[in-house]
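Note sheet for the following structure.
Note that the coordinates shown come from a computational prediction; the quantities given were computed from them, not determined experimentally. Letters A, B, ... are given to chains in the order of the sequence lines, protein chains preceding strands, and every chain is numbered from 1.
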Protein chains: 2
Amino acid sequence: MFEGPVQRLIDELSRLPGIGSKSAQRLAFHILAIEKPDALRLAAAINDMRDQVTLCERCFNVAAGELCSICRDQRRDDSVVCVVERPQDIVVVERTQEYRGGYHVLGGSLSPINGVGPGQLRFDELRARLQTEGIEELIVATNPTVEGDATAMYIAREFKPLGLRVTRLASGLPVGGDLDYADELTLGRALAGRSEL
Amino acid sequence: MFEGPVQRLIDELSRLPGIGSKSAQRLAFHILAIEKPDALRLAAAINDMRDQVTLCERCFNVAAGELCSICRDQRRDDSVVCVVERPQDIVVVERTQEYRGGYHVLGGSLSPINGVGPGQLRFDELRARLQTEGIEELIVATNPTVEGDATAMYIAREFKPLGLRVTRLASGLPVGGDLDYADELTLGRALAGRSEL
């Protein structure tokens, strides 16, 4: 219906997650209406990212070179590794400013129903790191979901026998939350993980 | 926080309407995770659209050349012109498959509060078309909003004295709608515009 190049952009935008055909159309006409340099800068940002960004050879975080900025940082504590599902989870942990160790990105969580078994995640790479780096503790920061919990259990079973500490982020009430609005699963976890005052 | 090229793409995506920083982050990581040719095709679609798409010299619809596909179409009825606010409105009218005339895109609607007066819209270009083309009727298809109505009134006042028919799209109940859910303004319009059975 639209002129070829407009329709092609709408089609490409529609492929993005959470963008329906109506939003894609609105975005395409926005990109058509803004100043040309602004539009070209968006396209260049996509190209640049795909050209320049790779995965860190050590922890599989996004990286602009062989190693990511965290693995390049000499001041980080190499004896602790936080295991996360996806690169974007690293940024969330970093924002707490409470953690100074390294990371390991699994690339997802165990989900037999979606065909994701241990072979699809980066467990072999983690095992290799445990053999060469002086890692003493794995902090499992997978999501508090069925898949994330299963992945955490798998990590504990596989790597605890190697003689290192394996811990999991606490589940419980969100800070600032209201007990009234807590679901029973979260409240159950908060009870089980209660701490001495 | 993210590696430079990733953060730059997140920043560019955040500028798009309706895309917050969280959505921008999700989109950027999606674009990072998909196959490289798919990501580059999105960037190319943006570049191609901005390189190839211009505004039709006659009706200001989006066009891949000097004239848009509708103005190039010899089978369209040149005696009727549908006046719309934006190029995307043309597609909506075309979808009805009830209209075979031409179009004129104003580029917005009169809105003194936003600094849009008659000088900011393409009324002079419409006047020029009325002098050179054998136009007999203007169908005003601006939005049924305060601004769209004001624009329609302005068009009637300016162009009716030139001896042509100026009509406005009917306002009323949407087909398949429920009388219970109609707002009073729409119902009022439906009453005023009632037709003989």
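A donor-acceptor pair shorter than 3.5 Å cannot be found between the side chains of B/Asp11 and B/Ser14. Looking only at atom types and distance, the side chain of A/His104 has a donor-acceptor partner in the side chain of A/Arg129 under 3.5 Å away. Side-chain atoms of A/Thr167 and A/Glu137 include a donor-acceptor pair closer than 3.5 Å.
A salt bridge does not link A/Arg58 with A/Glu66: none of the charged nitrogens is closer than 4.0 Å to a carboxylate oxygen.
In this view, A/Tyr154 and A/Phe123 satisfy the ring pair (Phe, Tyr, Trp, His ring centres under 6.0 Å) rule, not counting sequence neighbours.
Contacts of A/Ile34 with chain B are made by both backbone and side-chain atoms, with heavy-atom separations under 4.5 Å. For chain A, the nearby parts of B/Gln88 are the backbone and the side chain; heavy atoms of each come within less than 4.5 Å. Interface remark: A/Leu40 contributes backbone and side-chain atoms alike to the contact with chain B (heavy atom separation under 4.5 Å). Residue contact with chain A, scored on non-hydrogen atoms closer than 4.5 Å, is absent for B/Asn61. In this structure, chain B has a heavy atom under 4.5 Å from the backbone of A/Ala33, while its side chain stays farther away. Looking at B/Ile31, the atoms closer than 4.5 Å to chain A (heavy atoms on both sides) sit in the backbone and in the side chain alike. For a residue to count as touching a neighbouring chain, one of its non-hydrogen atoms must lie under 4.5 Å from one of that chain's; by this rule A/Arg15 touches chain B with backbone and side chain alike.
Of all the listed residues (A/Ile90, A/Leu16, A/Leu55, A/Asp38), the one sharing the greatest number of non-hydrogen pairs under 4.5 Å with chain B is A/Leu16. Considering only heavy-atom pairs separated by less than 4.5 Å from chain A, the leading option among B/Gly4, B/Pro87, B/Ala63 is B/Ala63. Across B/Leu32, B/Leu27, B/Asp48, B/Val53, the residue that shares the most heavy-atom pairs under 4.5 angstrom with chain A is B/Leu32. The candidate with the highest count of non-hydrogen atom pairs below 4.5 Å against chain A, out of B/Gln52, B/His30, B/Arg26, is B/His30. Of the listed residues (B/Ile10, B/Leu13, B/Ile46, B/Asp51), the one with the most heavy-atom contacts under 4.5 Å to chain A is B/Ile46. Interface check for chain B: of the options A/Arg41, A/Arg86, A/Arg8, the most heavy-atom pairs under 4.5 Å are formed by A/Arg41.
Between atom OG1 of residue B/Thr54 and atom CZ of residue B/Phe60 there is a gap of 11.0 Å, rounded to the nearest 0.5 Å. The CZ atom of A/Arg100 sits 9.5 Å away from the CG atom of A/Asp77 when rounded to the nearest 0.5 Å. The distance from atom CG of A/Leu130 to atom CZ of A/Arg127, rounded to the nearest 0.5 Å, is 8.5 Å.
Taking hydrophobic clusters as Ile, Leu, Val, Met, Phe, Trp and Tyr residues chained together by side-chain heavy-atom distances below 4.5 Å, A/Ile135 shares a cluster with A/Leu121.
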